[in-house]
Amino acid sequence: MATELPKAYDPKAAQEKWLTFWEQKGYFHSTPDATKKPFTIVIPPPNVTGALHMGHALNNTLQDVLIRWKRMQGFNALWMPGTDHAGIATQSVVERLVLQQEKKNRHDLGRDELVRRIWEWKDKYEARILGQLREIGASADWKRTRFTLDPVCARAVRETFFRMFRDGYIYRGKRLVNWDTHLQTSVADDETDTVDTKGGFWTFKYQVDGEADTFISFSTTRPETMLGDSALCVHPSDERYKHLVGKTVTQPHTGRKIPIIADGQLADPKLGTGCVKVTPAHDPNDYACWQRHPEIAVINILNPDGTINENGGEYKGLDRAKARDAVTEKMKELGLYIDRADRDIPLKISDRSKTPIEPYLSDQWFVKMADRDDAKPGLAQMTMDAVTSGKVKFFPERYARSYLDWLGEKRDWCISRQLWWGHRIPVWQSKPMRDKDTVAIAERRLTQCSALSNAVANERAFIKLEINTEGAEPTLLKSDAGAFGAVATATNYIYVCLAEPNPTAEQELSGLGYQQSEDVLDTWFSSALWPHSTLGWPGPTLPEERAERTAPDWDAMRAYYPTSTLVTSRDIITLWVARMVLTGLYNVGDIPFHQVYITPKVLDGFGETMSKSKGNGVDPLDIIDLYGTDAMRYGMVKLATETQDSKLPVANICPHCKKDVAVKQEHMYMRTKKLTCPECKKEFRPGGPWPTEDPDRPTAKQGSDRFEEGRNFANKMWNATRFLLMNLEGYTPGPVKLEELPTEDKWLLSRLATTTKAVTAALEGYKFSDVARLVYDFVWSEFCDWYIEMSKGRLKDAAARPQAQRVLAGVLDGILRLVQPVMPFVSESLWEALRDAAPERGLPTPARAEEAACIAKWPSYPEAWISADVEARFARMQELVRGVREVRNRYQVDDKTKLDVAVKCSTDVAAEFNALAAFIGPLASISNLTAGPAVPKPKPSGGVVRPEFEAYVALAGHIDEAAEAKRLEKQIADKKKSLEGTKAKLANEKFVSSAPAEVVQAQRDLLADIEKQIASLEENLKELKGE
RNA sequence: GGGCGCUUAGCUCAGCGGCAGAGCACUCCCCUUACACGGGAGGUGUCACAGGUUCAAAUCCUGUAGCGCCCACCA
């Protein structure tokens, strides 16, 4: 009969059981279904490097809450899971591994072998990450799992590149990029860190040509770049140098003549000597200066590995640091050295290799973002319009601004990366050609390639000429010694882009000496396509495919695109969100999602962002292990307030003696890898993202009391259900008629209806924290604390029992539904228990329960159940009960005198008690009203006892009369003060006329209340004094 | 330098015009047959600071300070 549950909820058993069950049932697999409205979320694909962290836990929990909720609401819910290949991050991890284990670098391995190793590595870590996602309860459609290098994604990437190339959005150009000399690749700005480093501030001078006695001095933090100087620059209004502008100096190391120019943006008269050297190829500001002064040269002096190249003359081959010393030394020898001062300089460091970044001029591919002259849309503007028009909405709204501001700059997007791991750029490039005739010949040759011509005719290949004869495009310039000014070298190219792999055409191209670009695409290029590439875009692309548009993937695209909500973190609004909107509009002609919810950030206990490099991360699996998945999820939902970031202080739990050892900030900064337990004095390694185990020292798990709330909550529901199951003997389903129910039932149903409505509204507004709070308060403070207590009496009464059982089962049913999106495991466990005992249940009319909570219908209750009147009466009753308890607790009143309370306290209250006669039965069963020690004894007083019970207290005679009198007097004085304030308020005409009627009424009630209280207190005081 | 947040109880955070709140921690009482991951009661606050608007400000406005994040920049 009644199932007997264990006394406490065991999260581990439940988790394993339900994960398996859900999967077997296939609840989370979605297929296109015309009868249901779709609700789609694509996961922000986690990098295949490393493990999940707290940020993932937060982000994915929230997505899962939305998906589970919408699924219950009857939507065709699809949560598309997957992972990202994360170009640099992944490649450098594997490169490092290979270097450690085999002492080989990537060039030793070769491209194919390295890529093969990375795939191997990826398979392993992807499985781990997906496993972790599954463990946090993610109800994703695992059958659709995607990876950004999957064939479906590759196809979409290639198609996008092809179209953009064809439409003139993608071009090749030279840019100063952040060059990682160690990994020999460019890295994005966000993949660098800027750290203050001790450096120097050198001042040198050059002699002005033709004027033996005239010198001009300048300062620099990087003397070695003097080898690449192509000008000196002063401020145009700087009187000190005005007469020198237009003259030249001879750079002593290279013998190059360089001009003195004036540029108001580059030179700051107040800084240093007011004169600055210009190295366009190795400094972003100088590069910008060159763009304003194209007459000066751009001289690259570095090899990709960071050594000086042939442009550095005799310094060729030297490492940067050695070159710096040598260059400085030479200046000393020439008597051109002035001084050197210590200075902290901001040094850009590559996130991946931890080596200094070198600004470096190189060939890159770009996506043009600016407006266009032709009819085609400007990509940035188009992407902005999607948000300004309200088609894509941000929650919280303010984040739309970061999006718009960034796009507003319309800066071109550099999409090439000098890596091996990623989508290779599908462009074949000719050798540079000197003149137009050569180009014409080359063009003609291309037309003789049959496979290629065929592809061109089918719009599956595109040929583009890049004519630079006029020097329109910046090229790497080397000025001849003794002359300055740009000498444009003619560099004409033919580029061929293939829309899909085409071995024959590729063979033809290579026969003509064309080479495929070595570069791969920026990871964000493939992530940008995620919402549509994972759904099968571009669908049929070949003519024969287009003829029959029946491919299943194409159906998915039509069924689920645009997706509903994107849940992501604020720091990739520009890198990712904006670009998804861009490619969605460009490729599909529609936005990728309707709403973007930006999650808060989980910070460490000291308010800093968690990161691997800081070593302050927390492993969600530690939390799950200690408190259970539901508790972890509840904690995440609870902290997701209006994007208020939230600190998560943690303690290491000593693996030897289980004592909590607080994490200190210095552990983090020093990356402490060893701690001694203050309790058992044994050593352990603090918890955190350490890559390997330490055999000598076990690693501590990390805990945080912030997850206790969720754990306790799960247990509370568990036991509430347990209580019900113990009292379900003889249960019969039956409809519930509100008007026939006792007040406490009406109250409970009113609260249930209110809560359900509020929870639904909170979910709709992405107010996750409210969801957790609302459910918690209703379950704990209302259902358990009051209703269950009051039901105990009725369950013993044969007449009242059936009704009480139905209400209990019905409300619990609603609770399990409400809590399911947040705490699916405990909900499912209790759903099962309840199903066995009361398969038919529910309010107002019972029905057979669904086979699982996760597919149960989302609840909603009649609006008519919500009654302010009932809730107010119940609230007053609670107040009275609390008053009684307080008196009893403070003065240790025994059971026998309990009734006296009602009689001896002020007559008004007694009357109220009588008016609430309907509650007397239920009241009696609230344990604390009936139980209590037999012997009354006085207790030290403190605080305020509700005035309505003062009479009783006085009569009880168990008190320190002098102290009580004093306390009463103070209370009376306080009350009088507050009475004056309220009177003044009500006497104020402006208040009475301008405040809302209910507010004024509340003040009047308050006034009356205070007056009554004062009278009562004064009465008590009199009695106490024996007057 | 530009932008966006934050500052409320010992800790972590809600509240965002109308009698200062929750969880944890703390004090006292209670192993009352759902739950000690529990029950009952209690204490705890110049709502960062300074001005202003308002009958009324933790809440709105202005400024100041401290903290955090993003973006630019620092020869």
Side-chain angles (χ1 to χ4, degrees), chain A residues 5 7-9 189-190 194 201-202 218-222 225 233 266-268 271-273 275-279 283-286 345-346 396 398-399 401-402 405-406 409 570-571 573-574 601 603 605 607-609 627 631 638-639 641-649 704-706 708-727 769-770 773 776-777 781 784-785 788-789 792 882 885-890 892 926-928 930-933 939-940 942-944 978 981-982 984-985 987-996 998-1000 1002-1003 1006 1010:
Chain A
L5 292 178
K7 230 174 153 177
Y9 172 53
D189 283 336
D190 57 284
T194 305
F201 191 66
W202 284 265
F218 58 92
S219 301
T220 179
T221 56
R222 302 191 53 200
T225 63
C233 178
L266 185 67
D268 177 354
L271 216 68
T273 66
C275 173
V276 58
K277 63 191 217 49
V278 187
T279 322
D283 182 282
N285 296 305
D286 296 0
I345 50 165
R398 73 185 107 98
Y399 289 111
R401 189 165 175 165
S402 343
D405 284 356
W406 183 80
E409 295 179 23
R570 77 176 90 106
D571 37 53
I573 290 175
T574 54
K601 255 193 149 86
L603 308 173
E608 296 195 33
T609 38
Y627 307 95
K638 187 71 190 280
L639 68 70
T641 61
E642 283 271 299
T643 311
Q644 155 73 61
D645 297 344
S646 201
K647 284 183 264 193
L648 185 68
S704 167
D705 55 22
R706 292 196 67 179
E708 285 174 11
E709 187 176 336
R711 180 199 57 188
N712 296 353
F713 184 38
N715 196 242
K716 189 72 176 177
M717 288 188 286
W718 178 269
N719 276 291
T721 307
R722 228 178 122 231
F723 166 79
L724 177 60
L725 296 182
M726 288 170 169
N727 287 284
S769 185
D770 288 353
R773 189 178 44 78
Y776 181 96
D777 284 350
S781 313
C784 292
D785 283 357
I788 286 189
E789 292 308 325
K792 285 175 180 170
R882 287 201 183 103
R885 284 174 181 166
E886 184 183 341
V887 171
R888 222 218 28 247
N889 210 290
R890 193 181 295 280
Q892 299 270 330
I926 296 181
S927 49
N928 275 284
T930 52
K939 291 179 55 186
V944 179
S978 128
T982 312
K985 204 180 239 187
N988 186 324
E989 252 177 64
K990 274 194 185 170
F991 169 65
V992 178
S993 59
S994 56
E998 63 269 24
V999 171
V1000 177
Q1003 288 294 316
L1006 182 64
I1010 298 172

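A, B, ... follow the sequence lines: proteins, then strands. Residue 1 opens every chain. All heavy atoms count here, side chains included; hydrogens, waters and symmetry mates do not.
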### Query
Hey, does the side chain of Lys716(A) come within less than 4.0 Å of G39(B)'s phosphate (OP1/OP2), counting only N and O?
yes
### Task
Both distances under 3.5 Å, Watson-Crick or G-U wobble: on that basis, could you give the dot-bracket string for RNA chain B, with [ ] for crossing pairs and | for other-strand partners?
((((((((.[[[[.)..(..]]]].(((((.......))))).....[[[[[..)....]]]]])))))))....
### Task
Among the candidates C69(B), C37(B), A34(B), find the nucleotide nearest to the side-chain atoms of Asn715(A).
C37(B)
#### Entry: Nearest-Å distance for atom pair CZ/P, residues Arg570(A) and C71(B)
11 Å
#### Entry: Distance (rounded to the nearest 0.5 Å) between Asp777(A) CG and Asp770(A) CG
10.5 Å
### Message
Going by the rule side-chain hydrogen bond (donor to acceptor under 3.5 Å, both in side chains), which residues pair with Tyr399(A) if we only count those two or more places apart in sequence or in a different chain?
### Response
Arg570(A)
### Query
Could you state the interatomic distance from CG (Leu639(A)) to NZ (Lys647(A)), rounded to the nearest 0.5 Å?
13.0 Å
### Summary
Contacts of Cys233(A) and Tyr9(A) projected onto RNA chain B by closest heavy atom; the upstream (5') one is Tyr9(A)
### Task
Rounded off to whole Å, could you give me the OH-to-P distance for the Tyr627(A) and C24(B) pair?
13 Å
#### Entry: Residues which pass side-chain hydrogen bond (donor to acceptor under 3.5 Å, both in side chains) with Asn727(A), listed by chain and number, not counting sequence neighbours
none
### Query
Looking across every strand, which nucleic acid part, if any, lies under 4.0 Å from Leu724(A) by heavy atom: base, sugar-phosphate, or nothing?
nothing
### Query
What's the CG-P distance between Asp705(A) and G23(B), to the nearest Å?
14 Å
### Query
For atom C1', what is the distance between C24(B) and C19(B), given to the nearest Å?
26 Å
#### Entry: Closest to side chain of Glu409(A), choosing from C35(B), C71(B), C69(B)
C71(B)
### Message
Suppose you measure atom C1' in A50(B) against the same atom in A57(B); what distance do you get, rounded to whole Å?
### Response
15 Å
### Query
For the pair made of OH in Tyr776(A) and C1' in C37(B), what is the distance, rounded to whole Å?
10 Å
#### Entry: Residues in ring-ring contact (aromatic ring centres under 6.0 Å, His included) contact with Phe713(A), at least two apart in sequence or another chain
Tyr634(A), Tyr776(A)
### Euclidean distance, atom CZ of residue Arg711(A) to atom C1' of C24(B) [Å, nearest integer]
11 Å
### Task
Could you state the atom-to-atom distance from CD of Glu608(A) to P of C70(B) in whole Å?
11 Å
### Query
Distance between the C1' atoms of G51(B) and G18(B), in whole angstroms?
23 Å
### Message
Closer than 3.5 angstrom, by distance alone: can the side chain of Asn719(A) be matched with the main-chain N or O of Ala8(A) as a donor-acceptor pair?
### Response
no
### Message
Nearest 0.5 Å, please: how far is CD in Glu789(A) from SG in Cys784(A)?
### Response
9.0 Å
Taking only N/O atoms, report every protein-nucleotides 13-18 of chain B pair under 3.5 Å with atom names and distance.
unit_1	atom_1	unit_2	atom_2	d
C13(B)	OP1	Lys647(A)	N	2.2
A14(B)	OP1	Thr641(A)	OG1	2.5

### Message
If you assign each of Ala714(A) and Arg398(A) to its closest nucleotide in RNA chain B, which residue comes earlier from the 5' end?
### Response
Arg398(A)
### Task
Ignoring hydrogens and angles, answer whether the base of A34(B) and the side-chain atoms of Glu789(A) contain a donor-acceptor pair closer than 3.5 Å.
yes
### Query
Do Arg722(A) and Leu725(A) touch side chain to side chain, with heavy atoms closer than 4.5 Å?
no
### Message
Over all strands shown, is Cys275(A) touching base, sugar-phosphate only, or nothing at heavy-atom distances under 4.0 angstrom?
### Response
base
### Query
Can you tell if the side chain of Val278(A) reaches within under 4.5 Å of the side chain of Leu266(A), non-hydrogen atoms only?
yes
### Query
What integer number of Å spans the P atoms of G21(B) and A58(B)?
14 Å
### Task
Sticking with atom C1', work out how far G66(B) lies from G38(B), rounded to a whole angstrom.
42 Å
### Query
Would you say Asn712(A) reaches G38(B)'s phosphate, i.e. side-chain N/O to OP1/OP2 under 4.0 Å?
yes
### Main-chain N/O of Trp202(A) paired with Thr220(A) side-chain donor or acceptor, under 3.5 Å
no
### Query
To the side chain of Asp785(A), which of G23(B), A34(B), G39(B) is closest?
G39(B)
### Rounded interatomic separation in angstrom, taking CZ from Phe723(A) and P from G39(B)
14 Å
### Query
So what does Lys7(A) hit on the nucleic acid, given a heavy-atom distance under 4.0 Å: a base, only sugar-phosphate, or nothing?
sugar-phosphate
### Message
Distance check, P atoms only: G45(B) and A9(B), in whole angstrom units.
### Response
10 Å
#### Entry: Electrostatic pair Arg706(A)-Glu709(A), nearest N-O below 4.0 angstrom
no
### Task
For G23(B) versus G39(B), give the span between their P atoms, rounded off to a whole number of Å.
10 Å
### Message
Taking 4.0 Å as the cut-off, does a side-chain nitrogen or oxygen of Arg401(A) come that near to OP1 or OP2 on C4(B)?
### Response
yes
### Summary
Taken to the nearest whole Å, CG/Asn719(A) to P/U33(B) is 14 Å
### Residues which pass ring-ring contact (aromatic ring centres under 6.0 Å, His included) with Phe723(A), listed by chain and number, not counting sequence neighbours
none
### Message
Taking only the C1' atom of each, what is the distance from G3(B) to G43(B) in whole angstrom?
### Response
43 Å
